[in-house]
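Below is one structure, written out as structure tokens; comments come after it.
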Amino acid sequence: MKIIASGSIKGGVGKTASAVNLAAEATRWGARVLVWDLDPQGSATYLLRVEHRLAGRGARGLIAADATLGRHVRATTVDGLHLLPSDRSLRFLDLHLDAGGERHRRLADLLRPLHDAYDVVILDCPAGASLAFEGALRASDVLLVPVIPSTLAVVTLTQLEELVAARAPRPELLAHVSMLDRRKPLQRQIADSLLERPDMLTAVIPNSTAVEQMGPERGPVTSFSPGSVAARAYRALWRELSDRLWS
Ligand SMILES: Nc1ncnc2c1ncn2[C@@H]1O[C@H](COP(=O)(O)OP(=O)(O)O)[C@@H](O)[C@H]1O
Ligand SMILES: [Mg+2]
């Protein structure tokens, strides 16, 4: 089982779009896939048409000493893709992680029993450097960081690289260009310089109305518009990422 955290300190950069589309792409490839929506906003839960609610005691019960994640897992409309849904109580997840012991290891410990049930787990992280994010870093093989081509996003990527480098054990940080608008020269220029960095994947996700349509369609772009430029880009991103994961 490989664990990918789709995360960034920044919000609105395409973490959830990547998590959902890559998960769908991984199922097409034959993998058994779980998306864990760790964001109280529940965007992945919404896009995958699952109720925004955890059974039992919400976030507190989710990570309690006697917790099993399996009871919260739901099937989605995408074959082979399961979801551990978000709940509004996840906004207190950091408090519960802090109160329970081994706060950095808790998410990794909870995921361990699922090892034989899934080939790929994608953690859709909330923005920010929270305890939940630290836990996701600890649990993951790869931290996948979508980077929009703007100066401040590049600054944030450098901060994230430093944050991850200071962790042990740490995931491999891999980034990708997200929401590139090729009509804008500055964006093209920043994307080109990003692609020279060693931790960048070469697949670029364009700014695309097909990705925006995920909201009204409530599904992965690879399902409702498989021939779109965006779907092809996510397919290329998954190929590259899976090559790195299983090389
Ligand atoms: N490649 C893209 N092209 C156009 N819009 C996008 C793209 N990726 C994401 N979006 C839109 O940007 C917003 C933020 O995306 P999202 O994946 O939720 O970001 P995050 O999870 O990082 O907060 C959403 O409204 C989404 O539809
Ligand atoms: Mg999100």
Side-chain angles (χ1 to χ4, degrees), residues 4-25 35-50 52 76 83-88 90-91 93 121-130 132-133 136-137 140 142-150 152-157 159-160 173-184 187-188 190-191 194-195 200-238 240-241:
I4 303 158
S6 184
S8 171
I9 306 171
K10 277 183 106 58
V13 292
K15 298 183 295 295
T16 298
S18 280
V20 168
N21 288 316
L22 292 175
E25 207 38 47
V35 171
W36 184 354
D37 187 349
L38 283 163
D39 190 335
Q41 293 184 77
S43 307
T45 300
Y46 179 85
L47 293 175
L48 291 170
R49 299 174 181 246
V50 174
H52 187 211
T76 72
L83 177 79
L84 209 163
S86 160
D87 184 282
R88 280 188 314 165
L90 285 179
R91 65 195 190 280
L93 182 60
V121 174
I122 302 184
L123 308 176
D124 187 21
C125 299
S130 57
F133 183 55
L137 289 183
S140 303
V142 162
L143 169 64
L144 182 69
V145 186
V147 184
I148 55 175
S150 78
L152 292 181
V154 176
V155 171
T156 307
L157 175 61
Q159 290 168 351
L160 208 43
L173 188 156
L174 294 173
H176 72 83
V177 176
S178 179
M179 300 192 210
L180 171 64
D181 185 343
R182 290 195 182 278
R183 293 168 307 181
K184 298 187 173 163
Q187 286 209 7
R188 288 201 309 269
I190 294 174
L194 275 169
L195 289 169
M200 291 301 290
L201 297 169
T202 62
V204 168
I205 308 300
N207 193 295
S208 135
T209 46
V211 181
E212 290 174 46
Q213 281 296 326
M214 289 173 70
E217 293 281 350
R218 292 189 75 180
V221 67
T222 44
S223 297
F224 67 81
S225 188
S228 61
V229 174
R232 289 204 300 271
Y234 280 114
R235 212 165 289 145
L237 184 61
W238 172 250
E240 229 180 328
L241 183 58

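In this text, all values refer to a predicted model and were calculated from it rather than measured experimentally. All ligand and atom numbering here is 1-based and tracks the order in the structure.
- Residue Ser43 places no heavy atom under 4.0 Å from ligand 1.
- Distances below 4.0 Å separate heavy atoms of Pro206 from the following atoms of ligand 1: 1 (N), 2 (C), 3 (N).
- In this comparison of Val221, Val211, Val145, the heavy atom closest to atom 7 (C) of ligand 1 sits on Val211.
- Under 4.0 Å from ligand 1, the heavy atoms of Ile205 that appear belong solely to its side chain.
- Applying the 4.0 Å criterion to heavy atoms of Val13 picks out, from ligand 1, the atoms 19 (O), 20 (P), 22 (O).
- Between the CG atom in Leu157 and the CG atom in Leu173 there is a gap of 6.5 Å [rounded to 0.5 Å].
- Within a radius of less than 2.8 Å around the Mg ion (ligand 2), the protein N, O or S atoms are Thr16 OG1.
- Evaluated by nearest non-hydrogen atom to atom 17 (O) of ligand 1, the leading choice among Ala19, Ser8, Ala17 is Ala17.
- Surrounding CZ of Arg182 are at most 12 heavy atoms belonging to other residues, nucleotides or ligands under 6.0 Å away.
- The protein heavy atom nearest to atom 14 (C) of ligand 1 is Gly12 CA, 3.9 Å.
- By the 4.0 Å heavy-atom criterion, Gly215 is excluded from the residues contacting ligand 1.
- Residues Pro40 and Arg88 form no side-chain contact, since every pair of their non-hydrogen atoms from C-beta on lies 4.5 Å or further apart.
- Within the 4.0 Å heavy-atom criterion, neither part of Ser178 lies near ligand 1.
- Ranking the protein heavy atoms by distance from atom 10 (N) of ligand 1 puts Met179 CE, 3.7 Å first.
- Within the 4.5 Å cutoff, the side chain of Arg235 has heavy atoms near those of the Pro226 side chain.
- One distance of note links CG of Asp37 with OG1 of Thr45; it measures 3.5 Å at 0.5 Å rounding.
- In this model, no donor atom of one side chain and acceptor atom of the other lie less than 3.5 Å apart for Asp39 and Ser86.
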